[in-house]
Amino acid sequence: MLTSLSIKNYALIDNLQVNFNDGLSIITGETGAGKSILLGGLSLILGKRADLSSLKDNTQKCIIEAVFNIANYNLKALFEAEDFDYEPQTIIRREILPSGKSRAFVNDSPVNLNSLQLLGERLIDVHSQHQTLQLTSNDFQFQVIDGLANNTNVLETYKLELKSFKKLKKELKALLDFQAEAIKEHDYNSFLLNELVEANLIDGELKTLEEEYETLNNIENIKEKFGEAYQLLGEEEIGILSNLTTLKNTLQKLSTYSSKYEDLYNRVNSSFIEIDDVFTEIDALQDDLDLDPMRLEVVDAKLKTLHNLMQKHLASDVSELIDIKNNLEKKVSITENLDDTINKKQLEISLKENELNAISKTIHDKRLEVIPELKKQLETILESLGMPNAQFKIDVILSDEFFANGKDELSFLFSANKGGQFNELKKAASGGELSRIMLAIKSILSNYIQLPTIMFDEIDTGVSGEISNKMGDIMLQMSKTMQVFSITHLPQIAAKGHSHFKVYKEDVNDVTQTNLVKLNHDERIVEIAQMLGGIEMSSSAIAHAKELLN
């Protein structure tokens with residue numbers, strides 16, 4: 001509920017501070033006194049866009065601040081979702097700077113207007129004759145029926161399941177689109193993959209094959225050079241090994257005379273051992289060298305295959321070809337196994353659709369169950385409000401389509417006259433009738449769900465004294481479970497309030513200002529008497545005012 005409102009430097013308001021109570025609060029004042037200004041200031045708290053022309057003094061900033069008691073409003077989830085700091089006593093502040101910039105704060109944390117509007121909708125419902133078109137919207141009509149049907153929790157479950165269902169459908173479409181593209185590429189990818197598989201790729205084999213090719217292709221020259229080396233090393237009298245043996249034996253005889261000579265001998269001996277090992281290896285390599293034209297052809301063919309594949313796939317080595325092969329295997333495998341994936345996804349969708357159908361049926365049945373009671377209560381209240389022949393024809397029909405709030409299509413028809421044809425509300429009801437229907441609906445809803453503070457802005461315009469008395473009774477009844485404000489020109493309604501505020505203008509230092517003051521009992525008598533008989537109050541008007549208040 002709204003507990004206090006402060007307005008500074010807005011339109012004709014210089015500085016206004018007022019506290020409010022629960023129950024029914026009445027706001028009265030002469031035409032042009034500034035009730036619309038008060039509502040305009042309040043609308044800024046609810047997220048309306050600011051206008052620099054609203055500043056009373058355009059050299060000073062405008063500040064509007066409202067305090068709400070939201071302990072019973074179940075708004076913690078909204079505060080978390082919008083990243084607000086939650087406080088049971090929540091303060092909303094709007095500032096309009098002389099530069100034209102506007103700022104909004106919730107519990108001193110800056111917020112954007114979209115978030116503020118979301119919160120504002122949950123705090124105050126400002127209703128006037130001009131806003132009755134909401135009543136004709138399908139969404140609002142569903143909200144009324146679902147409020148009576150206590151469908152809040154089941155609708156939340158439905159929305160979560162619907163979100164999941166749409167996600168699965170989106171995933172299926174993506175799979176089908178991918179399959180359509182993949183089929184086009186499948187044959188080509190399979191051909192590329194087969195080429196790579198047949199190449200029997202082995203990481204690092206390119207270098208090995210190139211070395212083997214060079215050996216096989218130059219085997220005669222290699223054998224010739226090995227023969228020369230063998231001769232140089234192993235010839236009996238002038239070969240390197242023969243001479244090293246003689247040198248080694250000579251130095252061995254000197255090694256006993258000095259450690260220096262021994263070191264020299266050891267170095268020559270090491271050289272002999274190394275050269276002897278080289279001689280043995282050359283001998284072995286010569287034995288392994290065989291002319292093999294067939295092997296040369298195989299190696300040459302494999303090298304050509306690898307080079308062609310590397311050029312084709314823009315690869316620098318065999319390891320990159322192996323990576324390309326692995327990726328092609330995945331693509332081909334995914335395409336070939338896509339039917340299974342699609343079938344699984346279709347099964348998921350089918351199961352989710354069954355769940356949604358079951359939930360939708362529950363929502364539908366609960367709606368059907370409360371419609372007769374809603375119809376009865378509406379017609380009873382409207383009869384008391386001077387519409388004795390008002391009739392409703394309300395029905396919900398299960399469709400084949402999943403909507404945001406179930407599978408129902410709603411028919412909400414109205415007839416104001418006996419024997420009249422039923423039609424949509426916007427076609428069948430006048431503005432005054434729509435106002436009374438909205439009042440009836442809000443009063444019914446207040447018995448079933450926690451409604452935000454409601455402000456009726458001259459909803460009683462154009463109604464008679466007796467009907468206005470009934471409207472006042474309805475507002476008074478509503479105020480037992482919620483905070484209700486009524487801006488009214490009718491004394492019958494004004495007298496029903498638990499609190500009474502008056503909007504008035506006054507001239508201060510030749511400047512007109514709008515103020516709001518809470519009236520005490522005696523002041524209420526005067527105000528209501530003036531509403532009954534004008535500025536020149538008669539004794540009968542005062543007596544009538546006292547009677548109304550009692």
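Because only heavy atoms are used, hydrogens play no part in the values below, and waters and symmetry mates are left out as well, while side chains stay in. Small disclaimer: the values here were computed from a predicted structure and weren't measured.
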> Is K407 paired with E401 through a side-chain N to carboxylate O contact shorter than 4.0 Å?
Replying inline: no
> Applying the side chain to side chain contact (heavy atoms under 4.5 Å, CB included) test to K61, which of L55, I96, L97, N9 qualifies?
Replying inline: L97
>> With a 4.0 Å cut-off on N to O distance, would you call D340 and K344 a salt bridge?
In response: no
>> In terms of relative ring orientation, are F414 and F392 parallel, tilted or perpendicular, with 30° and 60° separating the classes?
In response: tilted
> So, N515 versus E506: side-chain donor-acceptor pair below 3.5 Å or not?
Replying inline: yes
>> Using side chain to side chain donor-acceptor pair (under 3.5 Å), reason through E527 and H500 one step at a time and then give a plain yes or no.
In response: CA-CA 10 Å; E527 176 70 7; H500 191 151; 4.8 Å; no
> Are Y73 and L78 close enough, and set up right, to give a side chain to side chain contact (heavy atoms under 4.5 Å, CB included), and what steps lead you there?
Replying inline: CA-CA 10 Å; Y73 278 34; L78 175 62; over 6 Å; no
>> Tell me if the CG atom of D365 is crowded by more than 12 foreign heavy atoms within 6.0 Å.
In response: yes
> Any donor and acceptor pair, going by atom type alone, linking the side chain of K502 with main-chain N or O of L519 inside 3.5 Å?
Replying inline: no
> Mind checking whether E82 and V111 have side chains closer than 4.5 Å, heavy atoms only?
Replying inline: no
> Atom CE in M482, atom CG in N447: separation rounded to 0.5 Å?
Replying inline: 10.5 Å
> Passes side chain to side chain contact (heavy atoms under 4.5 Å, CB included), L374 versus I394? Steps please.
Replying inline: CA-CA 9 Å; L374 172 62; I394 307 169; 4.1 Å; yes
>> What I want to find out is whether D108 reaches R93 closely enough, with some N-O distance under 4.0 Å, to be called a salt bridge.
In response: yes
>> So, taking the atom named CG in N550 and the one named NZ in K546, what distance separates them when rounded to the nearest 0.5 Å?
In response: 9.0 Å
>> Do S115 and N112 pair up side chain to side chain, a donor and an acceptor below 3.5 Å, judged on atom types alone?
In response: yes
> Quick one: do the K496 and N469 side chains pair a donor with an acceptor below 3.5 Å?
Replying inline: yes
>> A quick test of your reading: do over 12 heavy atoms of other residues, nucleotides or ligands sit less than 6.0 Å from CD of Q89?
In response: yes
>> Other residues, nucleotides and ligands only: do more than 12 of their heavy atoms fall within 6.0 Å of NZ on K345?
In response: yes
> Can D339 and Q179 be said to form a side chain to side chain donor-acceptor pair (under 3.5 Å), step by step?
Replying inline: CA-CA 9 Å; D339 284 339; Q179 186 185 48; 2.7 Å; yes
> Any side-chain heavy-atom pair from R103 and P110 closer than 4.5 angstrom?
Replying inline: no
>> Counting neighbours of CG on N343 that are heavy atoms of other residues, nucleotides or ligands and sit closer than 6.0 Å, is the number greater than 12?
In response: yes
>> Is the shortest side-chain heavy-atom distance between L172 and L176 below 4.5 Å?
In response: yes
> Going through the distances and angles, do L439 and M475 end up as a side chain to side chain contact (heavy atoms under 4.5 Å, CB included)?
Replying inline: CA-CA 8 Å; L439 177 61; M475 294 180 198; 4.2 Å; yes
> Do S430 side-chain atoms and E433 backbone N/O form a donor-acceptor pair below 3.5 Å?
Replying inline: yes
> F501 and F485: aromatic ring centres closer than 6.0 Å?
Replying inline: no
> Is the closest side-chain donor-acceptor distance between D507 and T512 under 3.5 Å?
Replying inline: yes
>> Is any side-chain heavy atom of I145 closer than 4.5 Å to one of L410?
In response: yes
> To the nearest 0.5 Å, how far apart are CG in D85 and CD1 in I91?
Replying inline: 11.5 Å
> With no hydrogens and no angle check, is any side-chain donor or acceptor of R94 less than 3.5 Å from a backbone partner on I64?
Replying inline: no
>> Between D146 and K366 (salt bridge meaning N to carboxylate O under 4.0 Å), is one present in this structure?
In response: no
> So, the side chain of S43 versus the backbone of G40: is there a donor-acceptor pair under 3.5 Å, distance only?
Replying inline: yes
>> Has S486 got a side-chain atom pairing as donor or acceptor with T488's backbone, closer than 3.5 angstrom?
In response: no
> Is a side-chain N or O of T362 found less than 3.5 angstrom from the main chain of A358, in a donor-acceptor match?
Replying inline: yes
>> Can you confirm whether more than 12 heavy atoms, excluding those of K352, are under 6.0 Å from its NZ atom?
In response: yes
> Are E373 and K375 close enough for a salt bridge, meaning some N to O gap below 4.0 Å?
Replying inline: no
> Would you say L119 and L46 make side-chain contact, with heavy atoms under 4.5 Å?
Replying inline: no
> Would you find a donor on one side and an acceptor on the other, under 3.5 Å apart, between the side chain of N19 and the backbone of S4?
Replying inline: no
>> Does N74 have more than 12 heavy atoms from other residues, nucleotides or ligands lying within 6.0 Å of its CG?
In response: no
> For S6 and E65, what are the C-alpha separation, side-chain angles and deciding distance, and is it a side chain to side chain donor-acceptor pair (under 3.5 Å)?
Replying inline: CA-CA 5 Å; S6 168; E65 188 171 280; 5.9 Å; no
> Do NZ/NE/NH1/NH2 and the carboxylate oxygens of K76 and E80 come within less than 4.0 Å?
Replying inline: no
> Just wondering, are more than 12 heavy atoms of other shown residues or ligands nearer than 6.0 Å to CD in E30?
Replying inline: no
>> Go through it in stages, so that I can follow the logic: the residues are K442 and D125, the test is salt bridge (Lys or Arg N to Asp or Glu O under 4.0 Å), and I'd like the CA-CA distance, side-chain angles, deciding distance and then a yes or no.
In response: CA-CA 10 Å; K442 296 282 185 179; D125 175 10; 2.4 Å; yes
> Less than 4.5 Å apart, any side-chain heavy atom of R122 and any of L118?
Replying inline: no
> CD1/I493 to CG/L24 distance, rounded to the nearest 0.5 angstrom?
Replying inline: 9.0 Å
> Checking E369 side chain against A149 main chain: does a donor-acceptor pair fall under 3.5 Å?
Replying inline: no
>> Nearest 0.5 Å, please: how far is CE in M478 from CG in D473?
In response: 13.0 Å
> In Å, rounded to the nearest 0.5 Å, how long is the span from CZ of F412 to CG of N138?
Replying inline: 10.0 Å
>> Is any side-chain heavy atom of Y86 closer than 4.5 Å to one of N107?
In response: no
>> Are the side chains of I92 and F68 in contact, using a 4.5 Å heavy-atom criterion?
In response: yes
> Would L155 and I363 count as a side chain to side chain contact (heavy atoms under 4.5 Å, CB included) if you check the C-alpha gap in whole Å, the side-chain angles of each, and the deciding distance to 0.1 Å?
Replying inline: CA-CA 7 Å; L155 277 170; I363 294 169; 3.7 Å; yes
> Hey, does the side chain of Y158 reach the backbone of A404 with a donor-acceptor pair shorter than 3.5 angstrom?
Replying inline: no
> Donor-acceptor pair, E95 side chain versus I63 backbone, under 3.5 Å?
Replying inline: no
>> Ring centroids only, cut at 6.0 angstrom: are F165 and F402 within range, meaning strictly under it?
In response: yes
>> For a quick test of reading the model, state the closest non-hydrogen atom pair linking L378 to A440 and the distance between them.
In response: CD2-CB, 3.9 Å
>> Checking E383 against T380 for the side chain to side chain donor-acceptor pair (under 3.5 Å) test, could you report, in this order, the C-alpha distance in whole Å, the side-chain angles of both residues, the deciding distance, and whether it holds?
In response: CA-CA 5 Å; E383 183 176 5; T380 300; 5.7 Å; no
> Does a side-chain N-to-carboxylate-O contact under 4.0 Å join K8 and D14?
Replying inline: no
